[in-house]
Each structure stands twice: as C-alpha cells, then as structure tokens.
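No hydrogens, no waters, no symmetry mates; every other heavy atom, side chains included, goes into these values. One-based numbering, in listed order, for ligands and for the atoms of each.
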Amino acid sequence: MELFTYMEEYDYEQVVFCQDKNSGLKAIIALHDTTLGPALGGTRMWTYDSEEEAVVDALRLAKGMTYKNAAAGLNLGGGKTVIIGDPKKDKNPELFRAFGRYIQGLNGRYITAEDVGTTEHDMDYIYMETDYVTGISPEFGSSGNPSPATAYGMYRGMKAAAKEAFGSDSLEGKTIAVQGVGNVAYHMCKHLHEEGAKLIVTDINKESVERAVEDFGAQAVDPDDIYSVDCDIYAPCALGATINDETIPQLKAKAIAGSANNQLAEDRHGQILHESGIVYAPDYVINSGGVINVADELNGYNKERAFKQIDSIYDSLSKIFEISKRDNISTHIAADRMAEERIASVRNTRSTFLQNEHSIISRRK
Ligand SMILES: NC(=O)C1=CN([C@@H]2O[C@H](COP(=O)(O)OP(=O)(O)OC[C@H]3O[C@@H](n4cnc5c(N)ncnc54)[C@H](O)[C@@H]3O)[C@@H](O)[C@H]2O)C=CC1
Ligand SMILES: CC(C)CC(=O)C(=O)O
C-alpha cells in the first residue's frame, strides 16, 4: 500500500508507529481529523494477518471516529490505535505503559479508551504514564468500561430503527440475530431480553454463546448461519465489513442495527441496502454511546448527563431516516453529510487567526 497516497486521498493528519522491543509493543496510532478537537478513539488489540492489514484497520477506524464524534455533537476529532498481538497471550503491564508514553508524546492530540481486545485494567496501565486516557477504573473518577453505555445507545438506536422498519419502536416479540456476543452485545441482549425480544446469537467464542443462551434464553447458531436466519433485525456486533456482496442477499432482516465499526465493506453496500428497502442504522451513529460516555469524563464524569446525551441517539437516527427518505439517499450518506457539515462549519470558524502560546509573536518574547 502507498501510505501517503492513501492518507492524502482520505485526508489523514498523522500516523504514528510505536515499537518497544522489551514489552513487544507494536502499535499504530492513526489520527484522521482534529478540526473539532483532540482525537478520541479506542485501542484495539488484535492478531492481524499482516502489518498492512493492521495499518488499514487503524486508518479506517480512525476516520470512523471523526464521523462518529462529529455526528454525536462532541468537540472531538477522530483517531484510533491498533496494537498488533493476541489479547489472550501477548499482554503485559510494560506494553501498555510503553504505549501510554507514546500517547503522552502526542501531548493531547490523541486520547484513548477501550476497544476490542482491551480492558479497563489495560487502560489503568496506560494511565500510569499519561492523563490522555479514558475508560479507566471508576476509582480514579472515570466512567469505567464504555461497553454498557454503548449497549444502551444501541438499544435506543435499535428502537428508532424498528420504528422506521415496522412502524412501532417496541421490540417485544421481535427476533433479533446477533453476530458476536462480546462486551457490548451481551449488555445489549440484556436490554432486548428485558423488553421481550427473541434472540438468535452466534460467536466464535463458545463461552460467550453459552452465556447468552443461559442468561437470555437465546438460540445459538453457527457463525456462518447468522446472516440467513429468519429474523426482524440483524445486529452485527463483532468486527467490520460483514455487510458485503456475499451476505446482503442472504439477509431476511428488515433492519440492520449493530455495534460493529465499519460494517459496510464498501460504501456502495449502503446504497444496495437502501435500494433493497432494508433500514440501515449507520454504525458510527448507533454505536456512539461509549464514546459519548467516556468523553463526558473530560468535563468531570456525570452519568446522568452522559446517559441523557446517549438517549438522543434515538432522535439522531430518526432524523437520519427522515433525511434519507426526503432526499432519497442511503442512510449512511445522510449521516456522513450531517457529520461533514458540522466539521466544515467549525473549520470555517477556526480559519480566523487566534493568538496563542505557540504563535510566532509569543515565541519572540
Ligand atoms: N466496546 C465499546 O464500547 C464499543 C465497541 N464498538 C465496536 O463493537 C464491536 C464489538 O465490540 P466489543 O463488544 O467491545 O468487543 P468484544 O471483543 O468484547 O466482542 C466481539 C465479539 O465478537 C466475536 N467475534 C469475532 N469475530 C467473529 C465472527 N466472525 N463471528 C462471530 N463472532 C465473532 C468475538 O469472539 C467477541 O466475543 C467492535 O466492532 C467494536 O469496535 C463500537 C463502539 C464502542
Ligand atoms: C471509547 C470507545 C468506546 C470509542 C471507540 O473507539 C469507538 O467508539 O469505537
């Protein structure tokens, strides 16, 4: 891959490669756009097939955070980290502390939190080296792991999608097919179960499936079968790109509402869903509960305030569905426009010169 060509095409600001031989750290921090403020986005730890795959994942996830934070109305830009490694085998305190020092080196341009493969405990090690980390243990005044907040936002967003697809936002009696019952989806299933939804679940991790079957009476299916099960709503909650040429024709669901980032393999798949009459809740809008929650820490965490903002995911999605119908555009394009308009208006405001400690005049003093 031609890295600079890619960065130029999608307007990335910075990519940082971090290596620490002693701890085995190999991390890529991608900063996409900081027009709205410092880049906030989680750290994913995953076993990638190649370094290029890891770089592409970091880049795609960072851009997603720019749009997510903008659409959520946060004064934050978009960034994300991937750490190359197996979260079950390759973690050690030094690795996260070394990573924390790289974050500190960015001097506030990037703030991190959890994502797939990282935990509150890992964030606590990062916090030993830098303040630019959220989602650390609550005893430090933090909001803790963002997954329950993401799950609550997902639940609210799924209700908005149900209203659009079925005319009522009640999920009672609806069948929901869940791909990946990890941290977010487990909490989401709890909300759905309490409302009386029927759950069909799959996961590559046997224990996660067993937990959902036991706790929520879910029906389990094999990972490859989840796309074609009879259901009302499909909830992709594992990794990205599962909405693609192969899976769309298999789907029986009338709506897609899941937590996974970058669900559409390519933008054109959003258009295919639109033309097929499948209501697609844009991933970065419906899954923004976690980032809204951790972002609240930056003002001194207030759970009530954060969850009030997470509640509004319902209204944001309803507005996106409305624009999609009004302008006959896919929901992902409607969401992108909303985010891009906000970034453009702030960029415009910032074009006025503002004296600060780094400007040439203050340096001469
Ligand atoms: N944790 C959070 O607050 C947020 C998470 N997300 C996104 O939501 C998704 C899930 O995140 P978490 O629940 O935190 O991660 P997790 O790692 O706890 O859960 C993901 C689950 O998907 C399973 N999985 C992986 N590949 C699979 C496959 N091919 N088929 C079936 N299952 C598979 C894993 O075994 C795991 O149980 C990720 O895409 C993440 O980026 C987005 C916003 C916030
Ligand atoms: C703090 C995380 C929940 C933010 C993030 O990385 C995401 O929303 O994907």
Side-chain angles (χ1 to χ4, degrees), residues 29-30 32 39-47 57-58 60-69 71-72 74 76-82 86-88 110-120 122-123 126 133-136 142-154 157 177-189 200-212 220-227 234-242 247 257-263 282-298 306 310 313:
I29 305 172
H32 177 247
L40 172 55
T43 295
R44 176 172 292 190
M45 186 164 188
W46 195 249
T47 47
D57 205 27
R60 273 173 53 89
L61 289 164
K63 183 161 174 265
M65 289 310 301
T66 297
Y67 281 77
K68 186 181 307 196
N69 293 338
L74 300 171
L76 293 163
K80 197 98 175 187
T81 298
V82 306
D86 183 340
K88 290 204 178 95
Y110 173 63
I111 304 165
T112 201
E114 292 89 340
D115 190 55
V116 174
T118 57
T119 64
E120 204 172 280
D122 303 328
M123 298 304 123
I126 296 174
V133 53
T134 55
I136 54 177
S142 158
S143 61
N145 189 309
S147 299
T150 305
Y152 178 66
M154 288 282 316
V178 184
Q179 180 186 48
V181 259
N183 289 320
V184 173
Y186 177 81
H187 292 283
M188 179 192 76
C189 285
I200 303 176
V201 302
T202 194
D203 199 293
I204 49 172
N205 182 341
K206 223 172 95 215
E207 288 89 59
S208 301
V209 172
E210 282 166 7
R211 187 171 64 152
V221 296
D222 286 338
D224 287 344
D225 296 338
I226 195 72
Y227 305 107
Y234 167 55
C237 300
L239 297 181
T242 64
T247 59
S259 75
N261 282 307
N262 297 332
Q263 291 168 26
D283 46 13
Y284 64 76
V285 180
I286 195 168
N287 74 12
S288 60
V291 79
I292 292 171
N293 202 48
V294 296
D296 195 82
E297 285 182 31
L298 306 173
I310 294 169
I313 290 174

Q: Give yes if a backbone or side-chain nitrogen or oxygen of G290 is under 3.5 Å from a nitrogen or oxygen of ligand 1, and no if not.
A: no
**Q.** Within-cut-off N or O pair, A238 and ligand 1, under 3.5 Å
**A.** yes
(Q) Suppose we screen for side chain to side chain contact (heavy atoms under 4.5 Å, CB included). Which residues come up paired with A241, at least two apart in sequence or across chains? (A) A265
Q.
My understanding is that only residues two or more places apart in sequence, or in another chain, count here; which of them pass ring-ring contact (aromatic ring centres under 6.0 Å, His included) with Y284?
A. Y67
Find all protein N or O atoms under 3.5 angstrom from an N or O atom of ligand 2 and list the pairs with distances, or write 'none'.
| residue | atom | partner | partner atom | Å |
| --- | --- | --- | --- | --- |
| ligand 2 | 6 (O) | G42 | N | 2.7 |
| ligand 2 | 6 (O) | K80 | NZ | 2.6 |
| ligand 2 | 8 (O) | K68 | NZ | 2.6 |
| ligand 2 | 9 (O) | K68 | NZ | 3.0 |
| ligand 2 | 9 (O) | K80 | NZ | 2.8 |
| ligand 2 | 9 (O) | N261 | ND2 | 3.1 |

Q: Give the contacting part of E114 toward ligand 1: side chain, backbone, both or neither, where contact means a heavy-atom distance below 4.0 Å.
A: neither
Q.
Using a 4.0 Å heavy-atom cut-off, which part of D203 comes near ligand 1: side chain, backbone, both, or neither?
A. both
Q) Is there at least one pair of N or O atoms, one from N287 and one from ligand 1, spaced under 3.5 Å apart? A) no
Q.
Heavy-atom pairs closer than 4.0 Å: do any link ligand 1 to the side chain of K68, the backbone, both, or neither?
A. side chain
Q) Has ligand 1 got any nitrogen or oxygen that is less than 3.5 angstrom from a nitrogen or oxygen of K80? A) no
**Q.** Test side chain to side chain contact (heavy atoms under 4.5 Å, CB included) applied to T66 - qualifying residues, sequence neighbours left out
**A.** H32, D33, I343
Q: Look only at interatomic distance and state if R44 has a nitrogen or oxygen under 3.5 Å from any nitrogen or oxygen of ligand 1.
A: yes
